[in-house]
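No hydrogens, no waters, no symmetry mates; every other heavy atom, side chains included, goes into these values. This structure is a prediction, so every number in the text was calculated from the model and none was measured.
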Amino acid sequence: SVGPREQHSEKVRNGMLDSLHDYMRVGIVHFMAFPQCMGGVGPLVKTISTIACDPFFDVIEISHTKSETQRKEIRALAEQSRIEVCFGAQPILLGGGLDLNHPDNADRARAIEAVMNAIDEAFEVGSKSVAVLSGKVCDDKESAIARLTESLMELCEYAKTKAMSVTLETFDQVPFGKNCLIGPAKDAVAVSEAVRKHYPNFGIMLDLSHLPLQEETPKVAIRTAREHIVHAHIGNCAMDYPHHPAYGDHHPRFGMPGTRNDVHELAEYLKYLIEVGYLSREKPRVVSFEVKPMPEENPEAVIAGCKRTLEAAWRRLRARQ
């Protein structure tokens, strides 16, 4: 006889998928969707409330909030709406020019301290995880990876005291982007293997927005990192026309003219996340939009476009035989 798991596998092979919400916990990166909140000020509570009150979303990713009062309000909103909070320390590192693999020990220590403070704040708002990125590409790659690994282990040790985890997001290595040490999926896996020998509370985040800039396809990146992926972002990038307003790593909306990712690319990304088991009915995991409206665009309209794009990509997967 055929068991439930075999029946499910047959459904996936035949394109007979159920609702996307059965396979993933859909999230959104708040500070990217509402870039006026990037520095920890602005209409944080109002915009977070907009997302928290939308039942399409199961997860909201936030960053630093300067006001202690607002942090309490955000936690209350999350608890009332039953939305999961994740915390991104990437804006803290990038905005402060901080580098977890810096060759100068004092500079690296400042980066570690900033992320530890982020872990404290994340714990305060109810998050179970903090995401980071590596520092800049270095000439001494091996030594830089060793320094990054050491920093990440120190952060995992601190996060462990709060029953939290640390996630490393992969980025590009191009001068018109973020130009980060990590980098290709194979290098991220090497770091993850080293950290996980001591700290299981660590993993990798892949972002569809970054893959074209990394010169990696979803198939290659996801299959390479399959055992280490703990978080996934979806979005877009512009890299073919230097005059494009979103040129580089700026997360324009899906399908914007002159950009790389739309329904087809998103469907491919989701296909391989299902293939490697990251997405499943047994354990739905986070897939978050990271999309930034252009200055003249309406954030709520862009968010609606994101949802329609995801639904269209899912329908495309379901229609495949």
Side-chain angles (χ1 to χ4, degrees), residues 20-21 23-33 51 57-63 78 83-94 100 115 118-119 122-123 125-134 148 152 155-156 159-160 162-172 178 180 182-185 187-189 191-193 195-196 199-211 214 216 218 221-236 249 251 261 266 269-270 272-280 282-291 306 310:
L20 64 92
H21 295 282
Y23 282 77
M24 66 186 80
R25 303 201 317 279
V26 182
I28 188 165
V29 180
H30 163 264
F31 54 85
M32 196 65 78
I51 294 167
F57 294 112
D58 302 302
V59 178
I60 185 168
E61 300 186 31
I62 67 171
S63 192
I83 197 168
E84 178 185 348
V85 177
C86 294
F87 194 97
Q90 301 96 321
I92 295 169
L93 291 166
L94 291 167
L100 289 170
V115 179
I119 291 170
F123 181 79
V125 296
S127 175
K128 298 291 186 184
S129 64
V130 168
V132 299
L133 77 164
S134 62
L148 174 65
L152 291 170
L155 292 171
C156 286
K160 187 174 70 171
K162 299 176 182 292
M164 292 174 63
S165 61
V166 176
T167 306
L168 177 67
E169 184 174 9
T170 65
F171 277 79
D172 64 83
K178 295 293 190 293
C180 292
I182 308 295
D187 289 347
V189 167
V191 170
S192 185
E193 286 174 343
V195 176
R196 280 184 166 185
Y199 297 98
N201 59 330
F202 180 78
I204 293 170
M205 179 194 302
L206 294 185
D207 189 334
L208 176 62
S209 311
H210 299 158
L211 295 187
Q214 292 171 215
E216 292 184 296
I222 292 168
R223 286 182 174 178
T224 300
R226 60 189 304 157
E227 295 176 6
H228 299 265
I229 305 170
V230 296
H231 201 102
H233 279 173
I234 52 177
N236 194 9
D249 179 29
H251 297 268
N261 294 331
L266 178 53
Y269 184 75
L270 296 174
Y272 289 107
L273 288 177
I274 293 170
E275 178 193 90
V276 302
Y278 177 81
L279 296 182
S280 69
E282 291 75 21
K283 189 178 181 182
R285 299 199 213 180
V286 177
V287 174
S288 286
F289 296 111
E290 186 171 13
V291 176
C306 287
L310 178 57

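Expressed to the nearest 0.5 Å, how far NZ of K162 lies from OG of S127 amounts to 12.0 Å. Here T170 contributes atom OG1 and H228 contributes atom NE2; the two are 13.5 Å apart, rounded to the nearest 0.5 Å. Note that the NE2 atom of H231 and the CG atom of D207 stand 9.0 Å from one another [nearest 0.5 Å]. In this structure, CZ on F202 lies 5.0 Å from OG on S192, to the nearest 0.5 angstrom. The CG atom of L152 lies 10.5 Å from the OG1 atom of T167; values are rounded to the nearest 0.5 Å. Put simply, CG on L148 and CG on L133 are 9.5 Å apart, with the number rounded to the nearest 0.5 Å.
The shortest heavy-atom contact between I229 and R285 is O-NH1, 3.4 Å. Residues G235 and V291 approach most closely at CA-CG2, 4.1 Å, considering heavy atoms. For the residue pair N201 and C156, the shortest heavy atom distance occurs at ND2-O, 3.1 Å. Taking all atoms of both residues into account, the shortest heavy-atom contact from A159 to I119 is CB-CD1, 4.1 Å. When every heavy atom of G183 is checked against every heavy atom of Q214, the shortest pair comes out as O-NE2, 3.5 Å. Closest approach of S288 and V59 over heavy atoms only: OG-CG1, 4.4 Å.
Checking side-chain atoms of D187 against main-chain N and O of I182 turns up no donor-acceptor pair under 3.5 Å. A donor-acceptor pair is defined here as one N or O able to donate and one able to accept, closer than 3.5 Å; no such pair exists between the side chain of R196 and the backbone of G203. Under a 3.5 Å cut-off, the side chain of E216 and the backbone N or O of A185 do form a donor-acceptor pair. In terms of modelled atom types and a separation under 3.5 Å, the side chain of H30 and the main chain of I60 share no donor-acceptor contact. Between the side chain of Y278 and the backbone N or O of V286, at least one donor-acceptor pair lies under 3.5 Å. K178 places a side-chain N or O within 3.5 Å of a backbone atom of D249 that can act as its donor or acceptor partner. Not one N or O on the side chain of S165 forms a donor-acceptor pair closer than 3.5 Å with the backbone of S129.
L206 has its side chain within reach of Y269: a pair of non-hydrogen atoms, C-beta onward, lies under 4.5 Å apart. Within the 4.5 Å cutoff, the side chain of V115 has no heavy atoms near those of the I92 side chain. Here the side chains of N261 and L266 are not in contact, with every heavy-atom distance at 4.5 Å or above. Residues L310 and L270 have side chains in contact (heavy-atom distance under 4.5 Å, counting atoms from C-beta outward). Looking at heavy atoms from C-beta onward, L273 lies out of side-chain contact with M24 at the 4.5 angstrom threshold. The side-chain heavy atoms of E290 and E169, taken from C-beta on, include a pair separated by under 4.5 Å.
Atom CD of E227 has 12 or fewer heavy atoms from other residues, nucleotides or ligands within 6.0 Å. More than 12 heavy atoms of other shown residues, nucleotides or ligands fall within 6.0 angstrom of atom OH in Y199.
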Could you walk me through whether R223 and E275 satisfy the side-chain contact (heavy atoms from CB on, under 4.5 Å) test, starting with their C-alpha distance in whole Å, then the side-chain angles of each, then the deciding distance to 0.1 Å, before giving a yes or no? CA-CA 9 Å; R223 286 182 174 178; E275 178 193 90; 2.8 Å; yes
Would L155 and L100 satisfy side-chain contact (heavy atoms from CB on, under 4.5 Å), going step by step from the backbone distance to the final call? CA-CA 10 Å; L155 292 171; L100 289 170; 4.2 Å; yes
Going through the distances and angles, do V85 and F87 end up as a side-chain contact (heavy atoms from CB on, under 4.5 Å)? CA-CA 7 Å; V85 177; F87 194 97; 5.7 Å; no
Under the salt bridge (charged side-chain N to carboxylate O under 4.0 Å, His left out) criterion, do K128 and E84 qualify, and how do the steps go? CA-CA 9 Å; K128 298 291 186 184; E84 178 185 348; over 6 Å; no
Passes side-chain contact (heavy atoms from CB on, under 4.5 Å), V26 versus F289? Steps please. CA-CA 8 Å; V26 182; F289 296 111; 3.9 Å; yes
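Applying the side-chain contact (heavy atoms from CB on, under 4.5 Å) test between Q90 and each of M32, E61, M205 identifies M205 as the sole match.
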